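Taking it in order: structure first as structure tokens, then the write-up.
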Amino acid sequence: MHPFKPVDHACLPQLPEWKAYTEAVQVAPFRTDALHLVEAAGLTIDLSAQVDSPATRQAADALLRVRGFNLARKALLAGEHVNLTEDRAAWHTMLRAPQPIKAVAREHRRVRDFVQDADAQAKWKTVIHIGIGGSDWGVRLATDACAGSGARRLLKFVANIDGHAIEDAILGMDPRETLIVVTSKSFTTTETLANLRRAVRWLTDAGVDEPYEQVVAITARPAAAAKLGVPDRQIFEFWDWVGGRYSLWSAVGLPVALAVGLEVIEGIRAGAAAMDAHFAEADIADNAPVQLALAGIANRSVLGYGSLSIAAYDARLQYLAPYLQQLDMESLGKSVDLAGRPVGVPTGPSVWGMPGTDGQHTFFQWLHQGTDGAAVDFIMCREADHQWVEEHAMLLANCLAQRQTLLRGTSFEADRDALLAQGMHEDDAHWLARHRQHQGGRPSTLIVLPRLTPYALGALLALYEHKIFVQALVWGINPFDQWGVEAGKKMASGILQELHGEPQAPTHDLSTRHWISLLAEDRQDR
Ligand code: F6P
């Protein structure tokens, strides 16, 4: 049986193994007296605050077996065409392999030579990075998280088509000292091409004769970049078999190296490669991505948690939530299985979050006492890179406290008695204690990094990539396509024409029709 032949995949709800798994999860306890730790690539994944029992583990093994986990894992890591709807491999692991294929080694070498040359000649004080989605979040995350290595150049980001974004990026920049790096797998993304045009215009308006001498392109469509005028020596390639949201490991990392050093992108790749080796070899019970995936499936498809909150207790990880939002939601936001049938169970959760302790003062009220709640991934680093030991202890104490309170809740009786002890009237104490009570029994995972190094960051991101792959396998969906993003883009280009005065499409709803007319008039009045 080949796991990627759609016909072989039974519809999940009909699988006896799925039924057994859901039944086991529904009765599995939260154990406050048991430790469930998995070590991987220097990280510790603590799943003790997730439901767990011998029955859930047994049922999970059977479920993964019937879904062909071992074959599927092999196929992914071997570069087989696991992305069925686009008939491509999803071989991001090859980008960080210790012995990569020639093409990958060549592009890594070219990136290294380009950065070392720029450093040696002290070229480019500032870099403006233009790209969106998978061609943006990874670069922001890595640069921000690993800035401790010392910034070599100022890196500014432009993603949105909103002119305020590029206006802000070029503000105060010296056009002659600025390198434009444009990243786009498809080299067709409207926002990115429009922002590139604006940036090139900024250079020429400043008197730069050959603006494309100051442009680097990173893309899976090198011919399109060359056609635009980017010199071949400044075009860096990645390939169709790399998903945009899985592309940080490729030449997409070049602006990170320009900003904070080559050792950062090489460290990130090394950490991810270590997680790949763990994923490839570890048994199910000790396999961190698999265990994290199973906890997520239990929370989403059985226990009914519609969302996953990412609570990274490190201010340098402010871009982790948006990075994982794209990675997780663009991969798992699917309701049709590989055979084209409705999946029949809830799939990818909504992913959101904010660094701790900011999140505590923003939405933890909802996490603790809201009707829905969410599963939470807490992430913390044992060691900080600043000198203030006490502040770090306070940060970690808050992380552990929030996690335990979600799990254990608070006792109504203890609260009521405390209020009575303060002299409150019995009825009032009873009433108020109800408002203050935490129900508990809210699941979370704690992921512990020794320190926030490029290596640990790489391992963390690869952990999530493989978690997502395992969840997609169980749900029977393709995590590597994103057909759902196309319709809106197509509609936008049509509406843009209509704002320019082209006749409106007869299919518009009345409200859309109304606003197009008004906005088109606004443009004419200008
Ligand atoms: O619209 C979604 C998407 O296609 C993402 O998958 C991708 O990361 C992003 O847009 C940018 O695409 P590109 O790198 O081709 O410009």
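These figures come from a predicted structure and were not determined experimentally.
- Between atom CG of residue Asp286 and atom CG of residue Leu37 there is a gap of 11.5 Å, rounded to the nearest 0.5 Å.
- Enclosure of atom NZ in Lys19 by more than 12 non-hydrogen atoms of other residues, nucleotides or ligands within 6.0 angstrom is indicated.
- For the atom pair CG of Leu461 and OH of Tyr246, the computed distance is 12.0 Å after rounding to the nearest 0.5 Å.
- When all heavy atoms of Trp91 and Gly79 are compared, the closest pair comes out as NE1-N, 3.3 Å.
- Residues forming a salt bridge (Lys or Arg N to Asp or Glu O under 4.0 Å) with Asp377 (at least two apart in sequence, or on another chain): none.
- Aromatic rings of Trp388 and His392 (six-membered ring for Trp) have centroids beyond the 6.0 Å cut-off, not under it.
- The CD atom of Gln402 lies 8.5 Å from the CG atom of Leu367; values are rounded to the nearest 0.5 Å.
- Distance check: Leu407 CG to Ser48 OG gives 9.0 Å after rounding to the nearest 0.5 Å.
- With a 4.5 Å cut-off on side-chain heavy atoms, Leu294 and Leu64 count as touching.
- Atoms CG and CG, from Leu141 and Asp136 in turn, are 10.5 Å apart once rounded to the nearest 0.5 Å.
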Report task. Could you walk me through whether Leu400 and Leu446 pass the side chain to side chain contact (heavy atoms under 4.5 Å, CB included) test, one step at a time? Result -> CA-CA 9 Å; Leu400 297 178; Leu446 174 64; 3.9 Å; yes
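- His92 contributes no side-chain N or O that, together with a main-chain N or O of Ala462, makes up a donor-acceptor pair within less than 3.5 Å.
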Report task. Begin from the C-alpha positions of Trp239 and Glu107 and carry the test side-chain hydrogen bond (donor to acceptor under 3.5 Å, both in side chains) through to its verdict. Result -> CA-CA 11 Å; Trp239 302 272; Glu107 287 309 294; over 6 Å; no
Donor-acceptor contacts, no H, no angles, side chain residues 471-481, under 3.5 Å, sequence neighbours left out:
residue: Gln471; atom: NE2; partner: Ala293; partner atom: O; Å: 3.1
residue: Trp475; atom: NE1; partner: Ser301; partner atom: OG; Å: 2.8
residue: Trp475; atom: NE1; partner: Pro346; partner atom: O; Å: 3.4
residue: Asn478; atom: OD1; partner: Phe480; partner atom: N; Å: 2.9
residue: Asn478; atom: ND2; partner: Asn83; partner atom: OD1; Å: 2.9
residue: Asn478; atom: ND2; partner: Thr85; partner atom: OG1; Å: 3.1
residue: Asn478; atom: ND2; partner: Asp481; partner atom: OD2; Å: 3.2
residue: Asp481; atom: OD1; partner: Lys334; partner atom: NZ; Å: 2.9
residue: Asp481; atom: OD2; partner: Thr85; partner atom: OG1; Å: 2.5
residue: Asp481; atom: OD2; partner: Trp483; partner atom: NE1; Å: 3.1

Query raised in the report: What do the steps show when you test Trp366 against Asp372 for side chain to side chain contact (heavy atoms under 4.5 Å, CB included), and what is the final call?
Result: CA-CA 8 Å; Trp366 181 91; Asp372 299 21; 3.9 Å; yes
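- A donor-acceptor pair under 3.5 Å is absent between the side-chain atoms of Arg451 and the main chain of Glu383, judged by distance alone.
- At least one donor-acceptor pair under 3.5 Å links the side chain of His278 to the backbone N or O of Ala288.
- In this structure, Glu281 has no salt bridge (Lys or Arg N to Asp or Glu O under 4.0 Å) partners at least two apart in sequence or on a different chain.
- In this structure, Thr143 contributes its side chain and Val256 its backbone to no donor-acceptor pair below 3.5 Å.
- Looking only at side-chain heavy atoms (C-beta outward), Gln482 and Glu86 come within less than 4.5 Å of each other.
- Checked by atom type and distance alone, the side chain of Gln325 pairs as donor or acceptor with a backbone atom of Val351 at under 3.5 Å.
- Under the 3.5 Å distance criterion, the side-chain polar atoms of Thr453 are matched with a main-chain donor or acceptor of Ala456.
- Checked by atom type and distance alone, the side chain of Arg73 pairs as donor or acceptor with a backbone atom of Phe279 at under 3.5 Å.
- Side-chain atoms of Asp283 do not come within 3.5 Å of backbone N or O of Ala285 as any donor-acceptor pair.
- Closest heavy-atom contact between Leu396 and Cys381: CD2-O, 3.7 Å.
- The side-chain heavy atoms of Met394 and Thr357, taken from C-beta on, include no pair separated by under 4.5 Å.
- In plain terms, the two heavy atoms of Ala28 and Ser53 that are nearest each other are CB-OG, 4.0 Å.
- Side-chain N or O atoms of Lys467 include none that pairs as donor or acceptor with a backbone N or O of Asp328 at under 3.5 Å.
- Considering only heavy atoms from C-beta on, Ile468 comes within 4.5 Å of Leu327 through its side chain.
- Residue Arg245 holds its CZ atom at 12.0 Å from CE of Met329, rounded to the nearest 0.5 Å.
- Here the side chains of Ile45 and Gln291 are not in contact, with every heavy-atom distance at 4.5 Å or above.
- A 6.0 Å sphere centred on CZ of Arg110 holds more than 12 heavy atoms belonging to other residues, nucleotides or ligands.
- For the pair Glu266 and Arg112, the salt-bridge criterion is met [side-chain N within less than 4.0 Å of a carboxylate O].
- Within 6.0 Å of atom CD in Gln99, 12 or fewer heavy atoms from other residues, nucleotides or ligands are found, so the atom counts as exposed in its surroundings.
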Report task. Determine, stepwise, if the pair Asp240 / Arg221 fulfils side chain to side chain contact (heavy atoms under 4.5 Å, CB included). Result -> CA-CA 9 Å; Asp240 272 347; Arg221 297 276 174 281; 3.4 Å; yes
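- The main-chain N or O of Glu39 is never found under 3.5 Å from a side-chain atom of Thr44 such that the two would form a donor-acceptor pair.
- With a 4.5 Å cut-off on side-chain heavy atoms, Asn287 and His466 do not count as touching.
- By the 4.0 Å N-to-carboxylate-O rule, Glu237 lies close enough to Arg106 to be salt-bridged with it.
- Residues Gln50 and Ala295 come closest through the heavy atom pair CD-CB, 3.8 Å.
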Query raised in the report: For Leu254 and Ile265, what are the C-alpha separation, side-chain angles and deciding distance, and is it a side chain to side chain contact (heavy atoms under 4.5 Å, CB included)?
Result: CA-CA 8 Å; Leu254 182 150; Ile265 56 167; over 6 Å; no
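- Ion pairing of Asp337 with Arg341 is present here, as a side-chain N (NZ or NE/NH1/NH2) and a carboxylate O approach within less than 4.0 Å.
- Leu320 is listed as a side-chain neighbour of Ile310, based on a closest heavy-atom distance under 4.5 Å.
- Ring planes of Phe364 and His368: tilted class, angle from 30 to 60°.
- In this structure, Gln437 and Asp415 approach most closely via the heavy-atom pair N-OD2, 4.4 Å.
- Residues Leu457 and Cys146 form a side-chain contact, since some pair of their non-hydrogen atoms from C-beta on lies under 4.5 Å apart.
- Smallest separation of non-hydrogen atoms from Thr347 and Arg300: O-NE, 2.6 Å.
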